[in-house]
Amino acid sequence: MSVSSRNQLTNVGEQGHRPMAPRCDRRTLIGIDGVGKAPTRKRPDAGSKSGAVHGETRPTSARAWPLSCACARGGASRRHRVSMATGRGRMPRSGRFGPQAPRGSLPGDGSARDSAGAAAGRSAYRKGFGVKFARGSPVVRQCTRHGQHNEKSSSISFVSLDRMPSEVLLNIFSYLDAVSLLGTGCVNRRFYHLASDNLIWRRIYSAAFASKRSHWKVHSVEETATCVSLLSIEDKEGGYWKKEYITKQISSVKEALTQIAKPVNSYTGLPTKFKEVLRVFGLRFVIILREKSGKEHIMQHVDVSFNDTSVTVVWYGKNWPKLAMLSTLDLCGMTPVFADRHKTFDPYGPRWLSLIAKYDLDHLREPTIFGCDKLVRIFCLNPGLLVGLWQDAELAFVMANLHFHHLVERSTLGSATLPYVSPQHHGPFLDDSPEYGLQGYQLHIDMHGGGTFYLCSTLYALFSSKECIENGYAKFMVINLNNNRQHLPLIGKVGLAWRTTIFNGFIENCSFMDLTVLEEYRKPFWCVTSPVHLRSVPHPSDGPHFQGHTYYVDYMDPEGGVHAELLWIEETEEYFIVSLVLYLSVAKINRWFGTAY
């Protein structure tokens, strides 16, 4: 292209006119007459400013002609000169909202408009993401100078969600599910009120808990009044339907948990589907370490192991708070409000806590040491909690053993401050005379320690007479010292295995013992689990003399107790229970059966 032609195109572009590009079709490329004659165009005069053309013509190649048409279509200034025949230069680049027009292609004062846009773009780039432009400000365009392209991307203005009108936000929130809506309400105060809109939650409530219509059932006056009150949504206070939905959802989960806890094992009389509760409903166990200043540290369990009649839960980690700053420890069950077996557990999702037991950490003193090894010392806190401390008196691990009896209810039906209280038992009244005593009792005993099982046995046909009542307890002779056929062997050497993130160990002569007593109607009468320590005694009780070292195991609470005598046989390296005595509270027996022992 000649200089005059370039100047002519430049003048046309500066005047703001866009020349129509000539149509380039197949006939133009191969010739009008179809015989391959190259098209010709007239060459403008270099000195003419009016755009007059001379009579001579010059052939143009089929490749150069359509590309030169594209150059004429842009109407660009000198900064946008493009030599299409050689392929040099840069075509207009598509932006986010369409092709970005080159400078000078807009009508009007192009230079003033472009300088304002460039200044706005430079200031926006310096401010970074999130710049908000004033109304009427020009769209920031990329500019090129002397063939150099500015690689800095244009800053696109955005609208903050917090500055959106409430109507727009309510429309957006209406597409969220209940979990996302509850999370959105935690952003700020405004989002909390908008995410509690009654219309949105009424729709969610209706979809989740659709009423079952029946054509033959006659509704009561209260139910009819309730249905009528649902028609007035706006009359309710803000967040009313949100509270109703969450309350209904928690109630439905608790009802399902109650149903799943009903099947019991005829062998132990305890629920059989506790594993399903953890898997399906996402039940977790947490400990809340509370400092003296009131600050709380919530830790979820790290490991869970199932025993025959109990579950062992372990907590350990690296970021324990200082023991000197702690006052209490709360053991709680944590249940998600929205349980889904197909989704992974969200520890930060909506959930509720149920207090199982509360412990005072001030009781961790030297006289209460339960056992030790070279690395840790363990302390026992009843009921059923072991706290491991390093040698520098800092927390190493916490281990709890929970009995299956009413564990589902205790883990889900309580509150964060009050534990679940089981309903009072109303057993059948016994017409038999107290002289006949208590008969037909059954004891299931387990001994285990950190995933290792030492004893699992059931003893039947236990009885106690009126003469066996001592100090308010009825005495049941489970294993007689003089009857060798009743002696029970233990598997392996008794001890408690522990582990943390880095270390692990084994504390000898310590374990957990689970006791399950069934009364004559095969109902759980007394269920307890507790850490026990094998206490060495130099002089065994009166009876047959055995070749071996004797150990005692004792446990006692207001409802019952147990005393066991173990014998260590050095030749076979195993323990034998040679004597076992069970004690049950007479007051509990009288409350249970309505008797007067």
Enquirer: Please check: side-chain N/O of Trp526 versus main-chain N/O of Leu515, any donor-acceptor pairing under 3.5 Å?
Expert: no
Enquirer: Using the side-chain hydrogen bond (donor to acceptor under 3.5 Å, both in side chains) definition, which of the options Ser305, Ser310, Ser511 pairs with Asn401?
Expert: Ser310
Enquirer: Quick one: are Leu413 and Lys254 in side-chain contact, heavy atoms under 4.5 Å?
Expert: yes
Enquirer: For Leu176, is there any backbone N or O sitting under 3.5 Å from a side-chain donor or acceptor partner on Ser180?
Expert: no
Enquirer: For Lys588, I'd like to know if atom NZ has over 12 heavy atoms of other residues, nucleotides or ligands within 6.0 Å.
Expert: yes
Enquirer: Sequence neighbours left out, what passes salt bridge (charged side-chain N to carboxylate O under 4.0 Å, His left out) with Glu244? Give chain and number order.
Expert: none
Enquirer: Check whether any side-chain N or O of Arg351 sits under 3.5 Å from a backbone N or O of Gly349 as a donor-acceptor pair, and report yes or no.
Expert: yes
Enquirer: Between Tyr454 (side chain) and Gly495 (backbone), is there a donor-acceptor pair under 3.5 Å?
Expert: yes
Enquirer: Counting only N and O atoms by type, is there a donor-acceptor contact under 3.5 Å from the side chain of Gln442 to the main-chain atoms of Glu520?
Expert: no
Enquirer: For the side-chain hydrogen bond (donor to acceptor under 3.5 Å, both in side chains) test, which of Glu296, Lys292, Arg290 pairs with Thr328?
Expert: Arg290
Enquirer: Taking the six-membered ring of Tyr205, is the NZ or CZ of Lys248 close enough (under 6.0 Å from the centre) and on axis enough (within 45°)?
Expert: no
Enquirer: Distance-only, no hydrogens or angles: does the Asp360 side chain make a donor-acceptor pair with backbone N or O of His363 under 3.5 Å?
Expert: no
Enquirer: Got a sec, which residues hit salt bridge (charged side-chain N to carboxylate O under 4.0 Å, His left out) with Asp303, two or more places apart in sequence or on another chain?
Expert: Arg499
Enquirer: So Val311 and Phe404, do their side chains get closer than 4.5 Å, heavy atoms only?
Expert: yes
Enquirer: Could you check if a side-chain atom of Ser354 sits within less than 4.5 angstrom of a side-chain atom of Arg410, using non-hydrogen atoms only?
Expert: no
Enquirer: Is there a donor-acceptor contact under 3.5 Å from the side chain of Tyr420 to the main chain of Leu407?
Expert: no
Enquirer: Output yes when a side-chain donor or acceptor of His301 lies under 3.5 Å from a complementary backbone atom of Phe285, and no otherwise.
Expert: yes
Enquirer: Listed by chain and number, what are the side chain to side chain contact (heavy atoms under 4.5 Å, CB included) partners of Gln249, not counting sequence neighbours?
Expert: Phe209, Tyr245, Ser252, Val253, Val337, Phe338
Enquirer: When rounded to the nearest 0.5 angstrom, what is the spacing between OG in Ser196 and CG in Leu194?
Expert: 8.5 Å
Enquirer: Would you say Asp362 has more than 12 foreign heavy atoms packed within less than 6.0 Å of its CG?
Expert: yes
Enquirer: Is the distance between the ring centroids of Tyr441 and Phe476 under 6.0 Å?
Expert: yes
Enquirer: With no hydrogens and no angle check, is any side-chain donor or acceptor of Gln439 less than 3.5 Å from a backbone partner on Phe463?
Expert: no
Enquirer: Hey, can you tell me if Phe525 and Trp592 have their rings parallel, tilted or perpendicular (30° and 60° cut-offs)?
Expert: perpendicular
Enquirer: A side-chain contact here means heavy atoms from C-beta on lying under 4.5 Å apart; do Leu566 and Trp568 qualify?
Expert: no
Enquirer: Checking side-chain hydrogen bond (donor to acceptor under 3.5 Å, both in side chains) against Tyr267, which of Thr309, Asp308, Thr458, Thr516 comes through?
Expert: Thr458
Enquirer: Do the side chains of Ile507 and Ile378 get nearer than 4.5 Å, heavy atoms only?
Expert: yes
Enquirer: Check step by step if side-chain contact (heavy atoms from CB on, under 4.5 Å) holds for Phe379 and Ile369.
Expert: CA-CA 5 Å; Phe379 297 80; Ile369 291 181; 3.4 Å; yes
Enquirer: Looking at every heavy atom in both Ala396 and Thr500, which two are closest together, and how far apart are they?
Expert: O-CG2, 3.6 Å
Enquirer: Looking only at heavy atoms, what is the nearest atom pair of Asn509 and His533, with distance?
Expert: O-ND1, 3.2 Å
Enquirer: For Arg522, what residues pass the salt bridge (charged side-chain N to carboxylate O under 4.0 Å, His left out) criterion, not counting sequence neighbours?
Expert: none
Enquirer: Fit a plane to each ring of Tyr521 and Phe593, take the angle between them on a 0 to 90° scale, and name the class: parallel (under 30°), tilted (30 to 60°) or perpendicular (over 60°).
Expert: tilted
Enquirer: At their closest point, which heavy atom of Asn265 faces which heavy atom of Thr272, and how far apart are they?
Expert: N-CG2, 3.3 Å
Enquirer: Using every non-hydrogen atom in the two residues, find where Ala474 and Val586 come nearest and quote the distance to one decimal.
Expert: N-CG2, 3.9 Å
Enquirer: Return yes when atom NZ of Lys358 has more than 12 non-hydrogen atoms of other residues, nucleotides or ligands closer than 6.0 Å, and no otherwise.
Expert: yes
Enquirer: Roughly how far apart are Lys322 NZ and Glu291 CD, rounded to 0.5 Å?
Expert: 12.0 Å
Enquirer: Would Leu443 and Val478 count as a side-chain contact (heavy atoms from CB on, under 4.5 Å) if you check the C-alpha gap in whole Å, the side-chain angles of each, and the deciding distance to 0.1 Å?
Expert: CA-CA 8 Å; Leu443 173 64; Val478 182; 4.1 Å; yes
Enquirer: Exactly one of Phe397, Phe503, Tyr316 should register a ring-ring contact (aromatic ring centres under 6.0 Å, His included) with Trp498. Which one does?
Expert: Phe397
Enquirer: Let me see the working for Val528 and Asp557 under side-chain contact (heavy atoms from CB on, under 4.5 Å), right down to the final yes or no.
Expert: CA-CA 9 Å; Val528 68; Asp557 65 23; 4.0 Å; yes
Enquirer: Within the 4.5 Å heavy-atom criterion, are Leu182 and Ile246 side-chain neighbours or not?
Expert: yes
Enquirer: Going by side-chain hydrogen bond (donor to acceptor under 3.5 Å, both in side chains), name the pairs with one or both residues in residues 374-388, residues two or more places apart or in two chains.
Expert: Glu366-Arg377
Enquirer: Identify the heavy atoms of Leu389 and Leu395 that sit nearest to each other, and give their distance.
Expert: CD2-CD2, 3.5 Å
Enquirer: Quick one: list whatever passes salt bridge (charged side-chain N to carboxylate O under 4.0 Å, His left out) with Asp554, sequence neighbours left out.
Expert: Arg535
Enquirer: How long is the gap from CG on Leu534 to CG on Leu490, to the nearest 0.5 Å?
Expert: 8.0 Å
Enquirer: With the side chain counted from C-beta on, respond yes when Leu289 and Met299 share a heavy-atom pair under 4.5 Å apart, and no when they do not.
Expert: yes
Enquirer: For Asn480 and Ser579, does a side-chain donor sit closer than 3.5 Å to a side-chain acceptor?
Expert: no
Enquirer: Name the one of Val553, Leu567, Ile479 that satisfies side-chain contact (heavy atoms from CB on, under 4.5 Å) with Ile577?
Expert: Ile479
Enquirer: Heavy-atom distance under 4.5 Å between the side chains of Asp514 and His444, does that happen here?
Expert: no
Enquirer: Taking the six-membered ring of Tyr575, is NZ or CZ of Lys493 closer than 6.0 Å to its centre and within 45° of its axis?
Expert: no
Enquirer: Should Val562 and Leu580 be marked as a side-chain contact (heavy atoms from CB on, under 4.5 Å) after you check the CA-CA gap, both sets of side-chain angles, and the distance that decides it?
Expert: CA-CA 7 Å; Val562 67; Leu580 181 61; 3.3 Å; yes
Enquirer: If you compare all heavy atoms of Ile260 against all heavy atoms of Lys273, which two are closest, and at what distance to 0.1 Å?
Expert: O-CB, 3.9 Å
Enquirer: Evaluate the side-chain hydrogen bond (donor to acceptor under 3.5 Å, both in side chains) criterion for residues Asn319 and His297: first the C-alpha distance (whole Å), next the side-chain angles of each, then the deciding distance (0.1 Å), finally the verdict.
Expert: CA-CA 10 Å; Asn319 300 321; His297 304 268; over 6 Å; no
Enquirer: Do other residues, nucleotides or ligands put more than 12 heavy atoms under 6.0 Å from the CZ atom of Phe506?
Expert: yes
